[in-house]
Amino acid sequence: MGFKKVAEIQEFAQIEKKLIELDNEKILLTKVDGDYYAISNKCPHMGGSLYKGTLRDGIITCPRHGAKYDAKTGKGLGKPKILFLEFKMENDRSYPVKVEDGAILIDIDAK
Ligand code: FES
């Protein structure tokens, strides 16, 4: 199916992150350092919504137990320990993003 339009650039004048639902996937779209990134919205720990977390300096913090992820790649930062238990991180949690004519497009099939 390829790239699908999910947002307009102008929306990000007011916001820095947006929750996208595309083909039953929930995706966190962010603007970091002037570029746009898409990662799975689901925290690998216990499924927290990263959209509801805080985004600062390109790092998204899960609102449930505080695990931190690189908003550009979705990779976990450090070894998250929640209640002294480490949990497994998936490495590739990002989706390709491109901008065309003021629109932001995501390809969720390319994963
Ligand atoms: S659900 Fe995200 S840190 Fe626990």
Side-chain angles (χ1 to χ4, degrees):
M1 287 189 287
F3 283 91
K4 286 187 179 172
K5 180 182 171 183
V6 294
E8 302 276 352
I9 282 180
Q10 64 188 34
E11 295 175 55
F12 279 81
Q14 308 292 330
I15 58 174
E16 59 180 3
K17 55 186 163 64
K18 182 175 181 179
L19 181 62
I20 308 292
E21 292 201 43
L22 196 59
D23 296 345
N24 297 320
E25 296 277 338
K26 289 190 176 171
I27 297 163
L28 175 67
L29 179 63
T30 57
K31 184 177 182 182
V32 178
D33 299 332
D35 289 316
Y36 300 91
Y37 300 91
I39 64 171
S40 169
N41 186 58
K42 188 175 173 184
C43 177
H45 176 229
M46 288 179 68
S49 170
L50 297 180
Y51 172 72
K52 294 179 180 168
T54 54
L55 177 64
R56 187 165 300 137
D57 297 330
I59 296 168
I60 188 91
T61 302
C62 180
R64 290 191 62 190
H65 311 98
K68 295 182 186 305
Y69 302 92
D70 184 328
K72 295 181 180 180
T73 64
K75 286 184 181 166
L77 299 172
K79 282 196 170 180
K81 284 189 178 177
I82 311 293
L83 297 176
F84 310 108
L85 296 172
E86 287 184 15
F87 59 94
K88 193 173 175 341
M89 290 284 192
E90 300 164 49
N91 278 331
D92 186 4
R93 296 175 21 89
S94 64
Y95 299 92
V97 177
K98 69 178 181 180
V99 174
E100 269 180 13
D101 300 327
I104 302 168
L105 300 92
I106 297 176
D107 183 358
I108 68 166
D109 298 321
K111 199 168 173 195

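- Pairing each heavy atom of Leu55 with each of Lys31, the nearest pair is CD2-O, 4.3 Å.
- Side-chain atoms of Thr73 come within 3.5 Å of backbone N or O of Lys75 as a donor-acceptor pair.
- Across all their heavy atoms, Gly58 and Val32 have their closest contact at CA-CG1, 3.7 Å.
- One finds the NZ atom of Lys5 at 13.5 Å from the CG atom of Leu22 (value rounded to the nearest 0.5 Å).
- Between Leu50 and Tyr69 the shortest side-chain heavy-atom distance falls below 4.5 Å.
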Criterion side chain to side chain contact (heavy atoms under 4.5 Å, CB included) on His45 and Arg64, from CA distance to verdict:
CA-CA 9 Å; His45 176 229; Arg64 290 191 62 190; over 6 Å; no

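- Counting heavy atoms from C-beta on, the side chains of Leu105 and Lys4 never come closer than 4.5 Å.
- Taking 4.0 Å as the cut-off between side-chain N and carboxylate O, Lys98 and Asp107 do not count as a salt-bridged pair.
- Residues Ile106 and Tyr95 come closest through the heavy atom pair CG2-CB, 3.8 Å.
- To the nearest 0.5 Å, atom CD1 of residue Ile60 and atom NZ of residue Lys52 are 12.5 Å apart.
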Given the rule in the side chain to side chain contact (heavy atoms under 4.5 Å, CB included) test, do Val99 and Ile9 qualify, once you have shown the distances and angles that lead to the verdict?
CA-CA 8 Å; Val99 174; Ile9 282 180; 3.2 Å; yes

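- Residues Asp109 and Gly2 approach most closely at OD2-N, 3.5 Å, considering heavy atoms.
- The shortest heavy-atom contact between Tyr37 and Ala71 is CB-O, 3.5 Å.
- The closest donor-acceptor contact from the side chain of Asn41 to the backbone of Lys26 lies at 3.5 Å or more, if one exists at all.
- With 3.5 Å as the limit, one finds no donor-acceptor pair spanning the side chains of Thr30 and Lys17.
- Ile20 is connected to Phe12 through a chain of hydrophobic side-chain contacts under 4.5 Å among Ile, Leu, Val, Met, Phe, Trp and Tyr, so both are in one cluster.
- A heavy-atom distance below 4.5 Å is found between the side chains of Pro44 and Arg93.
- Leu28 CG to Cys43 SG: the interatomic distance, rounded to the nearest 0.5 Å, is 11.5 Å.
- Looking at Gln14, its side chain never comes within 3.5 Å of a backbone N or O of Glu11 through a donor-acceptor pair.
- Residues Gly74 and Ile39 come closest through the heavy atom pair N-CG2, 3.4 Å.
- Looking at Asp33 and Lys72, a side-chain N of the basic residue comes within less than 4.0 Å of a carboxylate O on the acidic one, giving a salt bridge.
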